[in-house]
Amino acid sequence: MKDKKKNKQNKIKLFLSLIILILIATIIGLVIWRTSEDKKEKEITYNQLYNDIKEGKVEEIEMTIGGSTVTTKYKDKDEKKTGKINTTQGFMDFINEQLKEGNEIKVNIKNPSALITVGEKIFSFIPTIMIIVLVVILFKMQGIGEKGKIYGGDEENDTGIKFKDVAGLDEEKGELVEIVDFLKNPKRFQNMGAKIPRGILLYGKPGTGKTLIAKAIAGEAGVPFISMSGSEFIEMFAGLGASRVRKLFEKAKKVSPCIVFIDEIDAIGARRSNGSGAETENNQTLNQLLVEMDGFESNETVIVLAATNRPEMLDKALLRPGRFDRQITIPAPDLLGREEILKLYTENKKLASDIDLKEVAGDTAGFTGAELNNLLNEAAILATRHNHEVIEKNDLEAAIKKITVGLEKHNRVVSDKDKKLTAYHEAGHAVVSRFLETQSNVKEVSIIPRGYTGGYTMYKTTEDKFYISKTELEEKMIALMGGRAAEKIALNDISTGASNDIEVATGIAKDMITVYGMSNILGPMSLKVDDPYELQIFGEDIVDEVGVQVKKLIDQAYETAQKILMEHMDVLTAVAETLLVKETISGEEFEEFFK
Ligand code: ADP
Ligand code: ZN
């Protein structure tokens, strides 16, 4: 992902430097043109020179042997004139005659300097060369090489990736095994009259292994893998996106059977609307894609896999039969999936014997495959830095914290007042959530700054649930309000430190009312809109009521948090004061306060 962004940035940089180059070239061109204009003004003809010399007006004459340019300096005016005159023997004889007759002309005969002439020539060619270079670079940027070739995606003949390299995702792999069979033996299916699927959409957030699984299909079937990212189709020049699509499919048909993989398809397949200027180019690209998908001959075994994390964005035309009519969701791994991914990526790493991957999987709810891979890599780096023989448990835990809460900021100077505020704030979160049925147990409370936060409260992760109850959402809001509530009750002051808590809590409240239909007054109605304008159809009363209900939920949460803390002031104070001394308290130590 980052590489792609960099790529884009580089393109922009390249484009800017091109514009600067064009400007410079234009200026140089203008200057050269101007100077040659200047020369023209003072040009002298053969006849004029002849007469001027005869009349004794000329003071000095400079010429090059065998050359044709003559510079003359006049006596009266401080003027020089240049002319292209054939310095033939006849002209030389004429000058000699004049000299003999007493005409005092200084004659400078110069040896022609090869260097200067060549230099002058090159100089006058610079703009032309620059323009040629520019055009070549521009075309290359657009994917058109010297041979007029349009970039048609990357091609891998053998991805070398098999299903065993994709951990977890057993059901998804099961669904895709069929595609591997199709690719391996298309004739058999065709003879049976079975229609070969054309397009499969893979839904899932970045890093969940969509590219990996597409590559594994190609690897298992032993067919080429041709890939391109949706963002690469979007070009400055109209029509180029469409020709790239054409080229991509041409390439695919040539090597069929094969897999075509289009990443970030939402970049081209976004829902078409009224077609404003910028959108037309996009539409052309999308139209071309639809044409290609429809235009397969039955004997061409090209299977198109496309990935997106924003399925709701896609144009419905893409999902019609014969196009991307199969959709597979690639979810972030569950507990078991995470354990399997961790197993896969620890095969080549040395781990301390007390590390239980099941436990690590439990601590990393919500991590994608890419993040788990990254986590183990971080742990290995930390272990190396600490000169450990193997990856130790604390290396792994430090890596998890680094990824979830950010890096420890040891050298940030924190005032005593801030420390106290943070201590009460974090203690507030921890103590409040201790009394909430649905909230997880505290894993660690700390006032050591990390990333952007002054301190943090970490909870033991429980398995990510599919459904969340209303009570759980309400209690989550109460726990979030615990920080602000503690500041208010214990220190009678509030700080900006709670801004993120408040933002998250407000988001939950809004969703409860407008998405989950959890308000008694408004009932099960979805008020989720893309455009605030759409809200008008509900009428003012309902829109106003949403505001009232959201506020009510937040107020209730804040009040409950304060109530809990007031009832347990002694624990709050004890935890906060301990934090001020120890900075970090573990889950077990925290439990001790309640015994
Ligand atoms: P996506 O295409 O969904 O954004 P990728 O397929 O590019 O994600 O995954 C990025 C990397 O994350 C992979 O190269 C692989 O190292 C790792 N990864 C993600 N999911 C898995 C998985 N299920 N099994 C093994 N590795 C995974
Ligand atoms: Zn907080």
Side-chain angles (χ1 to χ4, degrees), residues 1-5 159-174 176 202-217 219 261 263-264 307-309 328-386 388 390-408 440 443-444 450-451 456 458-466 587:
M1 283 303 278
K2 265 190 190 150
D3 281 350
K4 277 176 202 160
K5 261 192 201 149
T159 60
I161 289 170
K162 295 281 163 63
F163 275 152
K164 69 163 173 42
D165 300 312
V166 185
L169 297 176
D170 290 332
E171 274 169 47
E172 291 76 10
K173 281 193 273 187
L176 292 164
L202 303 175
Y203 294 153
K205 60 176 187 170
T208 45
K210 296 182 294 297
T211 315
L212 191 70
I213 209 164
K215 281 190 176 177
I217 297 171
F261 181 68
D263 204 359
E264 299 178 55
T308 180
N309 60 336
I328 297 178
T329 307
I330 308 290
D334 58 8
L335 185 67
L336 218 71
R338 292 197 296 276
E339 192 185 337
E340 275 177 41
I341 295 172
L342 287 166
K343 258 188 211 148
L344 182 73
Y345 289 115
T346 45
E347 262 168 25
N348 60 356
K349 292 187 176 72
K350 283 179 246 161
L351 283 193
S353 53
D354 63 339
I355 292 182
D356 179 4
L357 290 182
K358 199 172 252 152
E359 221 169 81
V360 181
D363 283 344
T364 47
F367 275 47
T368 62
E371 283 164 335
L372 290 170
N373 190 358
N374 179 24
L375 167 72
L376 290 169
N377 198 40
E378 281 293 341
I381 291 172
L382 288 173
T384 316
R385 271 216 230 128
H386 296 147
H388 295 160
V390 293
I391 297 175
E392 288 177 10
K393 208 168 182 171
N394 53 8
D395 298 322
L396 207 54
E397 273 169 8
I400 294 178
K401 265 191 233 167
K402 188 176 162 183
I403 290 174
T404 49
V405 251
L407 211 58
E408 260 185 32
S440 339
K443 188 170 183 222
E444 189 173 296
R450 262 176 191 278
Y456 57 90
M458 263 165 76
Y459 300 94
K460 290 199 173 116
T461 46
T462 46
E463 198 34 47
D464 359 58
K465 278 170 248 171
F466 214 69

Between atom [atom1] of [X] and atom [atom2] of [Y], what is the distance when rounded to the nearest 0.5 Å?
X	Y	atom1	atom2	answer
Leu176	Leu202	CG	CG	7.0 Å
Ile217	Thr159	CD1	OG1	10.0 Å
Thr346	Leu396	OG1	CG	9.5 Å
Glu171	Thr329	CD	OG1	11.0 Å

Are the side chains of [X] and [Y] in touch, meaning some heavy atoms are under 4.5 Å apart?
X	Y	answer
Glu444	Glu397	no
Val390	Leu351	no
Arg338	Leu335	yes
Phe367	Ile403	yes
Ile161	Ile213	no
Asn374	Glu378	yes

If you take all heavy atoms of [X] and [Y], which pair is closest and at what distance?
X	Y	value
Lys349	Ile391	CD-CD1, 4.0 Å
Lys205	Ala332	CE-CB, 4.0 Å
Val360	Ile355	CG2-CG2, 4.1 Å
Pro331	Leu169	CD-CD2, 3.9 Å
Ala307	Asp263	CB-OD1, 3.7 Å
Ala399	Ala379	CB-N, 3.8 Å

[X] (side chain) donor-acceptor with [Y] (main chain) under 3.5 angstrom:
X	Y	result
Lys210	Ile330	no
Thr368	Glu371	yes
Glu340	Gly337	no

One pair to check against side chain to side chain contact (heavy atoms under 4.5 Å, CB included): Asn394 and His388. What are the steps and the verdict?
CA-CA 11 Å; Asn394 53 8; His388 295 160; 4.1 Å; yes
All salt bridge (charged side-chain N to carboxylate O under 4.0 Å, His left out) counterparts of Glu392, not counting sequence neighbours:
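So Glu392 forms no salt bridge (charged side-chain N to carboxylate O under 4.0 Å, His left out) with any residue.
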Candidate list Leu375, Asn377, Leu372, Asn373, test side chain to side chain contact (heavy atoms under 4.5 Å, CB included), partner Tyr345, passing option
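Single pass found, and it is Asn373.
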Please lay out, stage by stage, how Asn309 and Tyr203 fare under the test side chain to side chain contact (heavy atoms under 4.5 Å, CB included).
CA-CA 5 Å; Asn309 60 336; Tyr203 294 153; over 6 Å; no
Any residue meeting side-chain contact (heavy atoms from CB on, under 4.5 Å) with Ala398, in chain and number order, not counting sequence neighbours
Leu382
Ion pair Lys443/Asp363, N-O distance below 4.0 Å:
yes
